[in-house]
**Student:** 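Provided herewith is a single structure, encoded as structure tokens, for subsequent inquiry.
Along the sequence shown, residues carry numbers from 1.
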Amino acid sequence: QVQLVESGGGLVQPGGSLRLSCAASGSAFSLIGMGWYRQAPGKQRELVAIITSGGSTVYADSVKGRFTISRDNAKNTMYLQMNSLKPEDTVVYYCKAKGPTTQYWGQGTQVTVSS
């Protein structure tokens with residue numbers, strides 16, 4: 001089984017930056033793709049960005065030009081560089097990993113953008 005651990009969340013002022021990390025352990029050698037999602041209380045979990053092992057990416061319109069997703073395949077670690085942060089980016093961010101037939105989720109990390 002795969003375990004996912006997010007880190008890097010915290011409090012930042014509007015316009016600031018944060019870098020989230022997601023480390024996969026266990027049977028991570030079988031992972032095909034990884035992605036970041038976010039969810040606010042009472043709302044559906046929404047896609048932020050996805051990256052495949054081959055480097056293909058997909059971004060939500062709300063973060064294009066501000067966020068950059070990347071991964072280190074050798075370490076099975078994914079990153080989300082978050083620049084020009086806005087108050088509406090304040091939410092819990094979740095790491096997702098996809099294997100051939102199984103999906104895994106991390107526990108989430110809180111990002112708060114406020115003055």
Side-chain angles (χ1 to χ4, degrees):
Q1 293 186 321
V2 174
Q3 293 178 309
L4 304 176
V5 179
E6 301 102 328
S7 62
L11 175 65
V12 65
Q13 294 185 347
S17 299
L18 285 174
R19 185 177 186 242
L20 306 183
S21 298
C22 174
S25 62
S27 301
F29 59 86
S30 64
L31 296 178
I32 297 173
M34 301 181 73
W36 290 99
Y37 293 73
R38 62 188 184 184
Q39 185 174 25
K43 295 185 178 181
Q44 296 290 325
R45 189 168 297 183
E46 64 178 3
L47 181 148
V48 176
I50 292 175
I51 186 168
T52 68
S53 59
S56 298
T57 59
V58 176
Y59 292 93
D61 289 340
S62 59
V63 306
K64 287 182 179 178
R66 299 189 298 121
F67 293 6
T68 302
I69 188 172
S70 62
R71 65 187 294 174
D72 184 335
N73 290 331
K75 296 182 178 181
N76 284 312
T77 301
M78 177 180 62
Y79 307 94
L80 184 68
Q81 180 64 48
M82 310 166 68
N83 299 327
S84 302
L85 284 163
K86 305 175 181 179
E88 50 262 45
D89 297 319
T90 297
V91 72
V92 176
Y93 287 74
Y94 295 89
C95 175
K96 177 185 177 181
K98 183 178 180 180
T101 61
T102 309
Q103 296 180 345
Y104 307 91
W105 291 94
Q107 81 289 342
T109 185
Q110 176 71 50
V111 171
T112 302
V113 184
S114 176
S115 298

**Student:** Salt bridge check: are D61 and K64 linked by an N-O gap of less than 4.0 Å?
**Tutor:**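 Counted as a salt bridge, because a side-chain N and a carboxylate O are separated by less than 4.0 Å.
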**Student:** With no hydrogens and no angle check, is any side-chain donor or acceptor of T52 less than 3.5 Å from a backbone partner on G33?
**Tutor:** no
**Student:** Nearest 0.5 Å, what's the CD-NZ distance between Q103 and K98?
**Tutor:** 6.0 Å
**Student:** Just jot down the side chain to side chain donor-acceptor pair (under 3.5 Å) partners of T57, sequence neighbours excluded, or say none.
**Tutor:**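 Per chain and number, T57 pairs via side chain to side chain donor-acceptor pair (under 3.5 Å) with no residue.
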**Student:** Check whether Y37 reaches the backbone of W105 with its side chain - one donor and one acceptor, N or O, closer than 3.5 Å.
**Tutor:** no
**Student:** Say you draw a straight line from OH of Y79 to OG1 of T68; how long is it, rounded to the nearest 0.5 Å?
**Tutor:**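 Reported value, rounded in 0.5 Å steps: 14.5 Å.
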**Student:** When rounded to the nearest 0.5 angstrom, what is the spacing between CG in L4 and NZ in K96?
**Tutor:** 11.0 Å
**Student:** Give the table of side-chain donor-acceptor pairs shorter than 3.5 Å for residues 39-51, with sequence neighbours excluded, one pair per line with atom names and distance.
**Tutor:**
{"from": "Q39", "atom 1": "OE1", "to": "R45", "atom 2": "NE", "distance (Å)": "3.1"}
{"from": "Q39", "atom 1": "OE1", "to": "R45", "atom 2": "NH2", "distance (Å)": "3.1"}
{"from": "Q39", "atom 1": "NE2", "to": "K43", "atom 2": "O", "distance (Å)": "3.1"}
{"from": "E46", "atom 1": "OE2", "to": "R38", "atom 2": "NE", "distance (Å)": "2.9"}

**Student:** Measuring from R66:CZ to M82:CE, what's the distance to the nearest 0.5 Å?
**Tutor:** 7.5 Å
**Student:** How long is the span from the CE atom in M34 to the OH atom in Y104, to the nearest 0.5 Å?
**Tutor:**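 Separation between the atoms: 12.0 Å.
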**Student:** Mind listing the side-chain donor-acceptor pairs of residues 7-24 below 3.5 Å, one per line with the distance, residues two or more places apart or on another chain?
**Tutor:**
{"from": "S17", "atom 1": "OG", "to": "N83", "atom 2": "OD1", "distance (Å)": "2.9"}

**Student:** Please say yes or no: joined through hydrophobic side-chain contacts below 4.5 Å, possibly via intermediate residues, are Y94 and L85 part of one cluster?
**Tutor:**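 No, because Y94 and L85 fall into different hydrophobic clusters, even though each may have its own neighbours under 4.5 Å.
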**Student:** Between M78 and I69, is any pair of side-chain heavy atoms under 4.5 Å apart?
**Tutor:**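 SC-SC contact between M78 and I69 confirmed.
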